Amino acid sequence: MTRTITYCQAINEALLEEMRLNDRVFVYGIDVGDHKKIYGSLNGMEEFGPDRCFSTPLCEDTLVGFGLGAAINGLVPVNIHLRMDFLLLAMNQLVNMVANYKYGSGGKLRVPLTIRAVVGRTWGQSYQHSKSLHSVFAHIPGLKVVMPSTPQDVKYLLKSAIRDEGPVLVIEHRLLYDFAGEVQSLPSIPLGSGRILRSGKDITVIATSWMNVEALKAAEILETAGVDVEIIDPRTIYPLDEELIIQSVTKTRKCIVADLDWLNCGFSAEVATLISEKCFGNLDSPVKRIGFAPTHCPAARSLEDIFYPNAADIIRAVEAKLDLKPMDISREDFYNHVNKFKGPF
Amino acid sequence: MTRTITYCQAINEALLEEMRLNDRVFVYGIDVGDHKKIYGSLNGMEEFGPDRCFSTPLCEDTLVGFGLGAAINGLVPVNIHLRMDFLLLAMNQLVNMVANYKYGSGGKLRVPLTIRAVVGRTWGQSYQHSKSLHSVFAHIPGLKVVMPSTPQDVKYLLKSAIRDEGPVLVIEHRLLYDFAGEVQSLPSIPLGSGRILRSGKDITVIATSWMNVEALKAAEILETAGVDVEIIDPRTIYPLDEELIIQSVTKTRKCIVADLDWLNCGFSAEVATLISEKCFGNLDSPVKRIGFAPTHCPAARSLEDIFYPNAADIIRAVEAKLDLKPMDISREDFYNHVNKFKGPF
Amino acid sequence: MRNKQGRLDLNKTLYRKLYLIRSAENAIIAHYPENEMKTPMHMSLGSEAIAVGVCTALGKQGQFFCSYRSHAVYLANTGETDAFFAELYGKSTGAVRGRGGSMHLSSPETGFLGSSAIVASTLPPAVGAAFANKVQNNGKIIAVFFGDGAVDEGNFWESLNLASVMKLPILFVCEDNGFAVHTPTSQRHGYKSLPRIVRGFQCAVFEDDSTDVEIIFNLARSAISKMRKTKKPSFLYLRYYRYLQHAGVNQDFDAGYRSREKYKRWLEVDPVDIQRKKLIKLGKSENEIKRLEKQITFRVENSIVKAKSAPFPDQKELFDDSEFKFSREE
Amino acid sequence: MRNKQGRLDLNKTLYRKLYLIRSAENAIIAHYPENEMKTPMHMSLGSEAIAVGVCTALGKQGQFFCSYRSHAVYLANTGETDAFFAELYGKSTGAVRGRGGSMHLSSPETGFLGSSAIVASTLPPAVGAAFANKVQNNGKIIAVFFGDGAVDEGNFWESLNLASVMKLPILFVCEDNGFAVHTPTSQRHGYKSLPRIVRGFQCAVFEDDSTDVEIIFNLARSAISKMRKTKKPSFLYLRYYRYLQHAGVNQDFDAGYRSREKYKRWLEVDPVDIQRKKLIKLGKSENEIKRLEKQITFRVENSIVKAKSAPFPDQKELFDDSEFKFSREE
Ligand SMILES: Cc1ncc(C[n+]2csc(CCOP(=O)(O)OP(=O)(O)O)c2C)c(N)n1
Ligand SMILES: Cc1ncc(C[n+]2csc(CCOP(=O)(O)OP(=O)(O)O)c2C)c(N)n1
Ligand SMILES: [Mg+2]
Ligand SMILES: [Mg+2]
């Protein structure tokens with residue numbers, strides 16, 4: 001059965017379904033129990049009572065550690081953070097404790113802890129509300145990292161995260177919340193499986209999270225110039241579906257990584273290294289990386305527009321790789337950050 | 001003038017010299033003021049009185065933020081952490097605050113904050129006392145990251161860090177503390193300049209921190225097989241001396257990155273990406289990466305020995321790249337972790 | 001004791017600041033729906049007496065830190081609205097050149113050392129800045145403003161402890177509005193009385209729930225003189241009522257998490273209103289006050305006009321002050 | 001009230017555990033200089049009555065967390081020494097298969113849920129584990145042991161607050177030895193009395209500086225029954241004297257940061273000694289006690305022999321339980 005629902009509804013469905021299936025699943029965190037229901041993603045939680053969906057004090061590190069303790073003692077916690085940047089307060093519990101707790105118990109304890117964190121540009125959030133950090137978490141053994149870009153993916157990857165025996169970070173993009181898409185009923189989408197978002201033969205674009213929206217737009221425009229772009233959404237940052245990437249680039253011989261993060265020592269470097277190694281001798285040009293500008297995220301729109309990578313950047317990079325003259329994109333209808341989102345958050 | 005001193009003495013000299021030159025410099029942190037004097041690196045601090053070298057409560061995040069506040073208000077703080085892993089408690093202040101405070105003040109405030117953190121295998125420290133994390137810090141705009149491997153470098157890079165107007169992390173390796181080396185009087189070693197530790201023509205090994213000790217040993221052994229290894233010590237992880245790396249690999253056409261960290265989304269990926277791009281078409285083979293095993297650091301020696309990368313790994317990687325048969329290294333005198341270090345820390 | 005004229009002058013100064021904040025925020029309420037101030041807005045309405053009382057008591061020897069709810073402290077400290085509105089509009093003439101928006105105001109030259117969108121995160125730097133003042137023996141005093149939500153965070157306890165054990169010249173100003181976003185203190189605090197707990201620290205505690213700016217001013221003065229005498233930090237615990245939603249410019253009494261009745265009771269002692277009435281009681285004429293108010297309103301309107309017509313930051317500024325160069329990508 | 005035989009049995013049990021810990025640690029002191037236990041050792045000498053009193057009081061309904069100073073809690077909970085020593089020797093037969101060493105003992109099957117080398121870091125999971133118990137209504141009670149240094153950290157205050165506001169079945173056990181490494185509480189705590197402060201939380205506080213294990217046992221029992229009645233967490237604040245250096249197996253009274261005199265005074269009430277004397281007073285014969293001690297000593301020696309001869313973990317185990325596969329590199 002296929003239905004069209006929003007990304008936010010998909011999150012909501014995943015939670016409701018898992019919580020009905022397993023009464024050990026509970027949801028908690030700052031602002032989790034209030035009437036805003038985390039942008040609506042927690043609608044209908046009343047069904048489960050206040051022990052299974054509740055607001056907490058503001059204490060990120062302790063909240064993540066709390067999830068660890070509940071997880072090893074029989075429950076299945078889902079801890080929500082309205083901004084990825086707040087997880088920087090919780091790095092101690094996440095990295096020093098959660099990531100290795102199973103290992104440190106001699107394999108005797110399981111840590112089925114899911115952490116939902118929201119990322120993404122809205123408006124003028126500036127440098128303390130704009131980090132992605134998936135590269136940082138992927139660097140740490142023991143943590144799985146998921147970054148879904150469609151309702152279908154977020155629904156089933158969140159379900160997989162909740163069912164996983166280990167800690168999983170699910171990174172949701174705020175602007176995707178209102179995006180609608182078709183959702184099929186599936187048995188599951190396993191963590192670690194990527195997806196060909198668009199098949200093409202001329203060049204591969206590997207995009208994360210929101211960058212898939214930008215990549216699709218770029219591909220649509222480039223198609224009018226006769227360029228056939230293949231877009232790969234890895235969906236999980238760690239573990240990574242390396243085969244899918246290698247196959248695509250082996251076919252197209254050209255690759256752009258469009259990551260929603262800084263480049264230096266980031267996920268884009270890992271993907272570029274993978275491709276440089278596995279497609280050695282089969283590349284027409286080095287892998288090109290696109291990501292956050294290497295600076296702090298500004299509030300002003302004029303700067304935000306060039307801090308965040310977008311479809312135009314992808315188009316220009318594709319043209320450069322294919323030795324094409326720059327198209328006229330001045331009349332294209334790009335995603336309009338100026339008018340789509342209304343504040344305050 | 002050239003003298004032979006230990007890495008620990010070099011740190012001590014750097015601090016004493018800078019504190020004599022500038023009475024705004026002070027040193028603080030957990031255990032900083034006690035009789036152990038941070039493995040002796042704070043000998044002689046009595047000279048400056050208790051306001052300029054003192055122990056604090058245990059509160060890493062607040063201590064880093066404390067340094068930020070002191071720095072913007074006229075002082076030059078040096079904050080010490082006996083283990084890098086403890087900085088995971090301070091990621092909030094480091095990444096959400098320190099890294100961007102100058103930017104957020106419209107450029108009006110300076111943050112001359114130095115953070116010294118110790119990394120490295122000693123014995124059986126296990127998974128909570130073994131992380132390096134330079135890859136994580138280098139990923140964050142606004143932080144400079146230094147990883148000196150010799151007395152000469154640690155002395156002058158620490159001095160440069162203290163004099164720098166922005167935040168700098170100086171990452172010291174515990175096992176290097178007792179290593180002696182020649183130290184020349186220099187005006188300075190600028191942050192961002194790497195060094196050719198050993199010139200060679202057959203292959204480039206780019207090594208960080210302790211991995212330079214392993215790389216030198218490997219080169220010495222490989223020399224007996226007629227292999228001439230060039231070793232590059234970048235010394236600063238960010239900003240990176242890209243030119244030096246590119247020149248070397250352009251010459252040798254083969255490269256191994258030996259990093260004291262996990263590989264995934266790490267510094268080794270960044271270096272490999274840099275080389276794959278800048279030396280595109282000039283490489284005989286893809287860049288090979290060596291680093292921590294992708295798991296948690298174990299306590300038992302039998303596992304520690306294979307968790308940490310070493311000279312033998314480098315030798316094997318060089319042989320593979322040069323299509324050589326494996327040498328017999330069974331009688332080589334490698335750095336002996338078993339007998340050199342005595343605990344408890 | 002201040003003489004009559006002195007008291008009148010003081011109260012006039014206090015009122016001017018209160019009114020500046022109120023009219024600046026009323027202007028924000030009026031213009032925010034135009035969607036040109038693209039920045040998450042956390043309004044100060046209801047709390048003005050705290051920022052004004054404390055900032056005025058500290059005066060030029062004061063240095064200030066606060067949270068994302070930064071308007072009142074910024075305006076009480078700087079008294080200016082040009083760079084303020086320019087920042088809200090994300091313009092290059094803004095207080096921090098359009099980089100920060102409402103949550104990240106800063107004005108180091110007047111002693112406002114920064115605000116932050118991370119709850120409790122300015123407490124540690126405030127303690128460090130106080131240490132720098134102590135070491136440099138410059139007589140300056142730090143005041144750090146934070147909410148009842150910040151008190152939940154480890155940074156609060158660590159900072160309180162560090163300042164207490166180091167005996168630093170810092171004034172902790174807890175602005176308790178009973179909520180962190182929509183969650184009441186009763187659901188977040190595992191204790192009945194924060195002041196009682198803080199009194200266990202080597203730190204003098206002063207508490208009040210007055211909206212009378214003069215009372216807060218005097219309380220802050222007591223706290224400061226206590227601090228100078230005992231060489232210990234002081235802690236001001238002040239209650240107020242947040243008039244609007246947590247973020248944004250609207251009321252939200254229909255959301256169900258708090259009642260309009262309570263709001264109405266607090267509104268009866270609105271800090272701007274009662275200070276105005278006091279001025280009249282102290283002998284200021286209605287006309288004089290109106291003149292003052294008009295001046296301020298005019299200044300605010302003028303700042304908005306200027307902010308609207310100011311240029312956005314030039315794209316060349318993207319990398320300014322980032323301490324980060326990534327040559328390959330430029 | 002326990003009858004005479006009951007009291008004797010209890011005290012014998014308590015003594016057996018105390019003696020087990022003491023003799024295991026004495027064996028560590030004897031063997032550590034051989035440099036075969038390559039793990040940073042944080043000894044429990046002087047504190048044994050706390051672990052034994054609390055663990056025994058909680059019994060099978062107890063679940064435990066502690067710090068890197070983990071020997072006493074591990075031994076009091078598990079009563080076993082084979083996996084203990086094997087772990088110290090880094091062997092595959094160790095409690096956590098040689099992965100953790102002295103700072104990372106764990107024995108989930110007996111309720112010892114973990115220790116950690118990061119100060120204060122087991123407090124948050126302890127609170128979460130208590131929540132799980134409450135929700136599952138299984139009658140289990142968490143006890144989390146931590147030092148006076150852990151109290152400096154934000155994790156402590158956040159955890160205390162969270163447990164208090166959520167009314168969780170958890171016993172906080174603060175073992176105050178006056179030092180974090182070599183830094184005394186006076187240089188770290190911005191207050192005179194921690195219990196006074198904790199009393200401000202919705203949490204019952206019990207304090208003592210006895211080294212009499214029976215007293216601690218009874219205190220813990222009171223704390224638990226209070227907890228069951230009030231549905232609030234309890235806080236045990238207990239003082240003890242650390243006999244040896246912070247880490248390592250030697251004394252360090254010559255280092256200058258604390259005096260041998262104080263040590264001597266505490267040694268007069270050494271928990272193992274006084275419990276032994278009590279047993280005799282209660283009617284146990286010297287011979288009986290000696291027999292018991294001999295059994296334990298023998299068991300310890302035997303465990304060491306087994307540990308020494310056990311194999312190191314096979315290198316194939318490197319990736320076990322890491323939840324991490326990095327296929328390219330394998
Ligand atoms: C570390 C962190 N956690 C969560 C948030 C999200 N958040 C923003 S404001 C706020 C409530 C803070 O309440 P309080 O300190 O009482 O300040 P108030 O808004 O009432 O002035 C929260 C939870 C944040 N900004 N930072
Ligand atoms: C977060 C963190 N900071 C610093 C350290 C280094 N360190 C190890 S033990 C210790 C002292 C802890 O003192 P306390 O909590 O009183 O425990 P005790 O050792 O006295 O049992 C310190 C600072 C650490 N392990 N973790
Ligand atoms: Mg509040
Ligand atoms: Mg202690």
Side-chain angles (χ1 to χ4, degrees), chain A residues 23-24 26 28 51-52 54 56-75 77 79 89-90 92-93 96-111 113 140-144 164-168 192 238-240 242-243 273-274 277-278, chain D residues 63 65 83 87 94-100 104-109 113-118 120-136 138 140 142 144 153-166 168 170 319-328:
Chain A
D23 66 8
R24 293 166 178 267
F26 73 101
Y28 73 104
D51 272 356
R52 293 185 61 199
F54 55 89
T56 63
L58 284 54
C59 52
E60 284 79 0
D61 201 36
T62 292
L63 292 176
V64 167
F66 177 94
L68 166 61
I72 62 172
N73 227 4
L75 302 184
N79 179 212
L89 284 82
N92 176 40
Q93 287 294 327
N96 279 331
M97 300 289 287
V98 167
N100 51 43
Y101 216 82
K102 175 184 175 190
Y103 179 80
S105 74
K108 289 174 196 156
L109 296 170
R110 299 279 175 278
V111 185
L113 168 64
I140 305 298
L143 302 176
K144 299 193 186 81
D164 197 86
E165 285 194 341
V168 183
Y238 188 84
L240 182 61
E242 304 185 349
E243 271 321 302
T273 301
L274 169 75
E277 182 184 340
K278 297 297 180 179
Chain D
Q63 290 184 310
F65 290 88
E87 190 59 38
V96 294
R97 303 175 56 188
R99 296 168 181 176
H104 300 97
L105 299 175
S106 165
S107 172
E109 58 278 30
L113 297 183
S115 45
S116 167
I118 303 294
S121 66
T122 51
L123 283 148
V127 176
F131 172 72
N133 287 336
K134 183 179 177 181
V135 163
Q136 293 169 100
N138 59 15
K140 287 193 182 153
I142 300 288
V144 53
E153 296 276 5
N155 262 179
F156 165 74
W157 297 97
E158 292 180 351
S159 296
L160 174 64
N161 182 54
L162 191 59
S164 299
V165 78
M166 292 183 76
L168 299 179
I170 180 170
F319 294 99
D320 287 2
D321 299 319
S322 69
E323 307 251 25
F324 200 85
K325 289 271 137 31
F326 196 69
S327 54
R328 261 173 301 153

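Letters A, B, ... are given to chains in the order of the sequence lines, protein chains preceding strands, and every chain is numbered from 1. Hydrogens, waters and symmetry mates are skipped; everything else that's a heavy atom, side chains included, is used. The structure displayed is predicted, hence computed values, not measured ones.
- Atom OG of A/S105 sits about 12.5 Å away from atom NE2 of D/H104, to the nearest 0.5 Å.
- Between chain A and the options D/S115, D/G128, D/S106, D/S159, the largest number of non-hydrogen pairs under 4.5 Å is found for D/G128.
- Contacts between D/L105 and chain A at a heavy-atom distance below 4.5 Å are absent for every atom of the residue.
- The parts of D/N155 that come within reach of chain A are both its backbone and its side chain, each placing non-hydrogen atoms under 4.5 angstrom from that chain.
- Taking the side chain as every heavy atom from C-beta outward, A/R24 and D/Q136 approach each other to under 4.5 Å.
- In this structure the side chain of D/K140 never reaches within 4.5 angstrom of the side chain of A/N73, judged on heavy atoms.
- Between A/P57 and D/L162, the shortest heavy-atom contact is CD-CD1, 3.3 Å.
- Aromatic rings of A/Y28 and D/F131 (six-membered ring for Trp) have centroids beyond the 6.0 Å cut-off, not under it.
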For D/V165 and A/T56, what are the C-alpha separation, side-chain angles and deciding distance, and is it a side-chain contact (heavy atoms from CB on, under 4.5 Å)?
CA-CA 9 Å; D/V165 78; A/T56 63; over 6 Å; no

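- Counting heavy atoms from C-beta on, the side chains of A/M97 and D/P125 come closer than 4.5 Å.
- Heavy-atom pairs under 4.5 Å with chain A peak, among D/A130, D/G154, D/A129, at D/A129.
- At a threshold of 4.5 Å between non-hydrogen side-chain atoms, the residues D/M166 and A/F66 count as touching.
- In this structure, D/L113 and A/L109 approach most closely via the heavy-atom pair O-CD1, 4.0 Å.
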Run the numbers on D/R97 and A/Y103 for side-chain contact (heavy atoms from CB on, under 4.5 Å), then give the verdict.
CA-CA 10 Å; D/R97 303 175 56 188; A/Y103 179 80; over 6 Å; no

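- Of the listed residues (D/G98, D/G114, D/S121), the one with the most heavy-atom contacts under 4.5 Å to chain A is D/S121.
- Shown here for D/R99 and A/K102, the closest heavy-atom pair between the two residues is NH1-O, 4.5 Å.
- At a 4.5 Å heavy-atom cutoff, the contact between D/V127 and chain A is made by backbone and side-chain atoms alike.
- For D/A117, no part lies near chain A; criterion is any non-hydrogen pair under 4.5 Å.
- For D/L160, no part sits under 4.5 Å from any heavy atom of chain A, backbone or side chain.
- Remark: A/D61 CG to D/L123 CG distance equals 11.0 Å, nearest 0.5 Å.
- Neither the backbone nor the side chain of D/S107 comes within contact range of chain A, judged by heavy atoms closer than 4.5 Å.
- If you measure heavy-atom distances from A/D51 to chain D, the contacts under 4.5 Å come from both the backbone and the side chain.
- Of all the listed residues (A/D23, A/V64, A/T62, A/L58), the one sharing the greatest number of non-hydrogen pairs under 4.5 Å with chain D is A/T62.
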